[in-house]
Engineer: 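Pasting a structure here, questions to come.
Model, not experiment: these values are computed from the prediction. These values consider heavy atoms only, across backbone and side chains, with no hydrogens, waters or symmetry-generated copies.
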Amino acid sequence: METVWIQSLPNYVEQTVTIHGWVHQKRSSGKILFLQLRDGTGFIQGVVAKDEISEEMFDVVNSLTQETSLYVTGVVRADERAPSGVELSIINVDVVHLTHDYPITPKAHGVDFLMDHRHLWIRAPRQRAILKIRAEIIKAIRAFLDSHDFTQVDPPILTPSSCEGTTNLFHTKYFDEDAYLTQSGQLYMESAAMALGRVYSFGPTFRAEKSKTRRHLIEFWMIEPEMAFVTHEESIQIQEALIQAIVSHVLSTCKLELHTLGRDLTKLQKVLEPFARITYDEAITFLQQTGQEITWGEDFGSPHETAIAEHFDRPVFVEKYPASIKAFYMKPDPTREEVVLCADLLAPEGYGEIIGGSQRIDDADLLQERFSQHDLSESDYAWYLDLRRYGSVPHSGFGLGLERTVAWICGLEHVRETITFPRLLYRLYP
RNA sequence: UCCUCGAUAGCUCAGCGGUAGAGCAUCCGGCUGUUAACCGGAGGGUCGUAGGUUCGAAUCCUACUCGGGGAGCCA
């Protein structure tokens with residue numbers, strides 16, 4: 001008997017096949033039973049009618065419980081009533097493990113309960129769809145970068161000090177020295193770009209901030225491309241192409257999953273180049289005109305970002321922030337020294353900043369000046385300064401937040417569902 | 001750290017000063033097309049913890065614990 005994946009069952013109509021999987025749900029109507037079966041690749045309904053099967057086998061099926069693991073053999077039938085177009089007329093069931101009292105019932109549950117059972121929650125159709133889309137997003141990112149002459153480079157996770165010196169880092173010991181979990185691999189990636197031209201890192205990032213919002217995780221994944229001989233403007237064009245490639249890949253490969261999530265596809269179909277652009281100056285004027293209290297020189301808060309993003313139906317770049325509110329390594333605009341060549345990409349529908357990028361300072365003297373302005377120890381950054389002393393070139397890079405991107409594309413309320421086991425404020429279990 | 005909301009059955013919640021409730025889940029019975037199936041019945045509780053007010057507290061007050069949403073910070 002051929003064992004097949006549920007997702008390929010439409011190709012086996014009127015054939016007898018075996019599925020290895022679990023009982024997602026059971027419904028009984030007396031002399032006819034319906035099993036919702038899953039195997040990781042999809043869902044299918046199995047049907048057993050009392051007058052079409054032995055009494056013994058009918059009783060076996062009747063005794064099955066939610067999340068029991070089993071081997072099911074049956075005939076694939078085309079049926080208009082089935083969401084996937086096919087059903088399985090069950091011939092035989094071999095129970096692998098009978099489950100008792102599965103905690104997550106088909107009714108409503110609260111977030112805390114579900115998070116405590118995250119190891120089981122991920123079996124749910126909605127969670128499966130999200131994790132599947134996350135994987136396709138990752139695939140699209142890699143495919144895009146790998147085919148655009150980028151080389152993947154892995155920066156360290158244990159670092160001697162802060163990268164940007166702003167947020168709180170997780171502290172640990174490195175034998176007798178102090179060490180911190182990485183907050184960004186960017187500085188290392190700048191070094192790698194001078195060695196390999198165009199590089200990207202793809203790994204976890206840690207922020208010991210007591211952030212407790214739908215947009216924050218303590219541990220999250222970031223893609224950080226860094227490109228030698230690439231200007232701010234060229235970097236923005238690469239970012240646009242990357243985001244568009246991600247969205248179109250998901251639209252073409254994850255139709256069922258997006259449907260499971262109830263995502264409005266028309267919103268995603270609008271994600272086409274060129275994206276909207278607005279300068280920091282224009283954004284300030286816009287916010288002031290819409291009655292928000294903000295003055296030039298202040299950074300945007302979340303409500304400001306949302307107001308800007310909601311003004312556009314596609315992602316929007318906010319460019320050229322004041323140098324005083326941005327990281328020390330950003331290159332000043334040559335035509336206007338008080339702003340830097342940077343851009344944040346705000347996702348539509350209030351999902352916030354998904355990319356932060358800039359052209360980096362390539363002049364050793366200016367960088368040293370920034371070290372003292374930001375009270376950074378020059379000895380800690382000696383190696384970083386070296387990059388400006390030996391064949392310095394104009395270069396740019398950006399960081400793409402994976403979970404925020406997944407939340408936006410999936411249309412989720414919260415980033416905690418975009419990763420298998422989210423690390424949240426006060427939650428380290430399971 | 002601050003603001004705000006919450007904690008009652010396995011789960012989701014109602015009850016807001018006078019004998020602890022419902023739906024779902026579980027168990028028993030019924031139903032040949034169910035899609036969070038439906039119908040009938042049964043079992044199931046230290047009302048987050050500790051104090052206080054009161055004849056009487058799940059209900060009012062105080063503190064603490066745990067959690068949700070948000071601010072700041074950022075992806």
Engineer: Look at the side-chain N and O atoms of A:K210 and state whether any lies under 4.0 Å from the OP1 or OP2 oxygen of B:rU1.
Structural biologist: yes

Engineer: For a quick check under 3.5 Å, do A:E226 and A:Q186 share a side-chain donor-acceptor pair by atom type?
Structural biologist: no

Engineer: For residues 79-106 of chain A, which residues have at least one heavy atom under 4.0 Å from RNA chain B?
Structural biologist: A:D79, A:R81, A:E87, A:T105, A:P106

Engineer: With no angle test and no hydrogens, is the base of B:rC74 tied to the side chain of A:R404 by a donor-acceptor pair under 3.5 Å?
Structural biologist: yes

Engineer: Hey, does the side chain of A:R126 come within less than 4.0 Å of B:rA36's phosphate (OP1/OP2), counting only N and O?
Structural biologist: no

Engineer: For B:rG6 versus B:rA14, give the span between their P atoms, rounded off to a whole number of Å.
Structural biologist: 10 Å

Engineer: What integer number of Å spans the P atoms of B:rC13 and B:rG51?
Structural biologist: 29 Å

Engineer: Indicate whether A:F220 forms a stack on B:rA75; treat it as stacked only if centroid distance is below 5.5 angstrom and interplanar angle below 30 degrees.
Structural biologist: yes

Engineer: Under 4.0 Å between any heavy atoms, over every strand shown, what does A:S302 touch: base, sugar-phosphate, or nothing? Just pick one.
Structural biologist: base

Engineer: In terms of side-chain heavy atoms of A:S211, which of B:rG69, B:rU34, B:rC73 is nearest?
Structural biologist: B:rC73

Engineer: What is the distance from NZ of A:K212 to C1' of B:rG69, rounded to the nearest Å?
Structural biologist: 8 Å

Engineer: If you check every side-chain atom of A:A108, which of B:rG69, B:rA36, B:rA71 has the closest atom?
Structural biologist: B:rA36

Engineer: For residues A:F398 and A:I223, determine if any side-chain heavy atom of one lies less than 4.5 Å from a side-chain heavy atom of the other.
Structural biologist: no

Engineer: Listed by chain and number, what are the ring pair (Phe, Tyr, Trp, His ring centres under 6.0 Å) partners of A:W5, not counting sequence neighbours?
Structural biologist: none

Engineer: What nucleotide, of B:rU34, B:rA75, B:rC73, holds the atom closest to the side chain of A:R27?
Structural biologist: B:rU34

Engineer: Rounded to whole angstroms, how far apart are CG on A:L425 and C1' on B:rC66?
Structural biologist: 13 Å

Engineer: Check whether any side-chain heavy atom of A:T182 lies under 4.5 Å from a side-chain heavy atom of A:F206, and answer yes or no.
Structural biologist: yes

Engineer: If you check every side-chain atom of A:Q45, which of B:rA71, B:rU34, B:rG68 has the closest atom?
Structural biologist: B:rU34

Engineer: What residues, two or more places apart in sequence or in another chain, satisfy side-chain contact (heavy atoms from CB on, under 4.5 Å) together with A:L114?
Structural biologist: A:I104, A:H109, A:W121

Engineer: Out of B:rC74, B:rG67, B:rU34, which nucleotide sits closest to the side chain of A:E305?
Structural biologist: B:rC74

Engineer: Got a donor-acceptor pair under 3.5 Å from the side chain of A:H216 to the base of B:rC74?
Structural biologist: yes

Engineer: With no hydrogens and no angle check, do the side chains of A:S235 and A:Q239 hold a donor and an acceptor under 3.5 Å apart?
Structural biologist: yes

Engineer: Applying side chain to side chain donor-acceptor pair (under 3.5 Å), can you list everything that pairs with A:S89, at least two apart in sequence or on another chain?
Structural biologist: A:R77

Engineer: Please pick, from B:rA75, B:rU34, B:rG68, the nucleotide with the shortest atom-to-atom distance to any side-chain atom of A:R207.
Structural biologist: B:rA75

Engineer: Mind calculating the distance between CD1 (A:I409) and P (B:rA75) to the nearest angstrom?
Structural biologist: 18 Å

Engineer: Pick base, sugar-phosphate or nothing for A:G352, based on heavy-atom distances below 4.0 Å to the nucleic acid.
Structural biologist: nothing

Engineer: Among B:rG67, B:rC24, B:rC73, which nucleotide sits nearest the side chain of A:E209?
Structural biologist: B:rC73

Engineer: What pairs with A:H24 under ring pair (Phe, Tyr, Trp, His ring centres under 6.0 Å), at least two apart in sequence or on another chain?
Structural biologist: A:F43

Engineer: Could you pull out all residues at least two apart from A:Y71 that satisfy ring pair (Phe, Tyr, Trp, His ring centres under 6.0 Å)?
Structural biologist: A:H20

Engineer: How close or far is atom P of B:rC74 from atom CG of A:N168, stated in whole angstroms?
Structural biologist: 11 Å

Engineer: When rounded to the nearest Å, what value does the distance between C1' atoms of B:rC38 and B:rU4 take?
Structural biologist: 41 Å

Engineer: Is any NZ, NE, NH1 or NH2 atom of the basic residue among A:K331 and A:D362 found under 4.0 Å from an Asp or Glu carboxylate oxygen of the other?
Structural biologist: yes

Engineer: Please give the distance between the P atoms of B:rC24 and B:rG41 as a whole number of Å.
Structural biologist: 12 Å

Engineer: Is there a side-chain contact between A:R215 and the phosphate of B:rG72, meaning an N or O under 4.0 Å from OP1 or OP2?
Structural biologist: no

Engineer: Looking only at atom P, what distance separates B:rG43 and B:rC5, rounded to whole Å?
Structural biologist: 40 Å

Engineer: When you measure from the side chain of A:V111, which nucleotide among B:rA36, B:rG68, B:rG33 comes out closest?
Structural biologist: B:rG68

Engineer: Is the shortest side-chain N/O distance from A:S29 to OP1 or OP2 of B:rC38 below 4.0 Å?
Structural biologist: no

Engineer: Which whole number of Å gives the distance between the P atom of B:rU46 and that of B:rA9?
Structural biologist: 9 Å

Engineer: If you look at every strand shown and take non-hydrogen atoms under 4.0 Å, does A:F34 touch a base, only sugar-phosphate, or nothing?
Structural biologist: base

Engineer: Let me know the distance between CZ of A:R38 and C1' of B:rA36, rounded to the nearest Å.
Structural biologist: 17 Å

Engineer: With a 4.0 Å cut-off on heavy atoms, is A:D344 in touch with a base, just the backbone sugar-phosphate, or nothing at all?
Structural biologist: nothing

Engineer: When all nucleic acid strands are considered with a 4.0 Å heavy-atom cut-off, which category describes A:H414: base, sugar-phosphate, or nothing?
Structural biologist: sugar-phosphate

Engineer: Sticking with atom P, work out how far B:rA57 lies from B:rA50, rounded to a whole angstrom.
Structural biologist: 15 Å

Engineer: In whole Å, what separates the P atom of B:rU62 from that of B:rA22?
Structural biologist: 33 Å

Engineer: What's A:T205 touching, base or sugar-phosphate or nothing? Going by heavy atoms closer than 4.0 Å.
Structural biologist: nothing

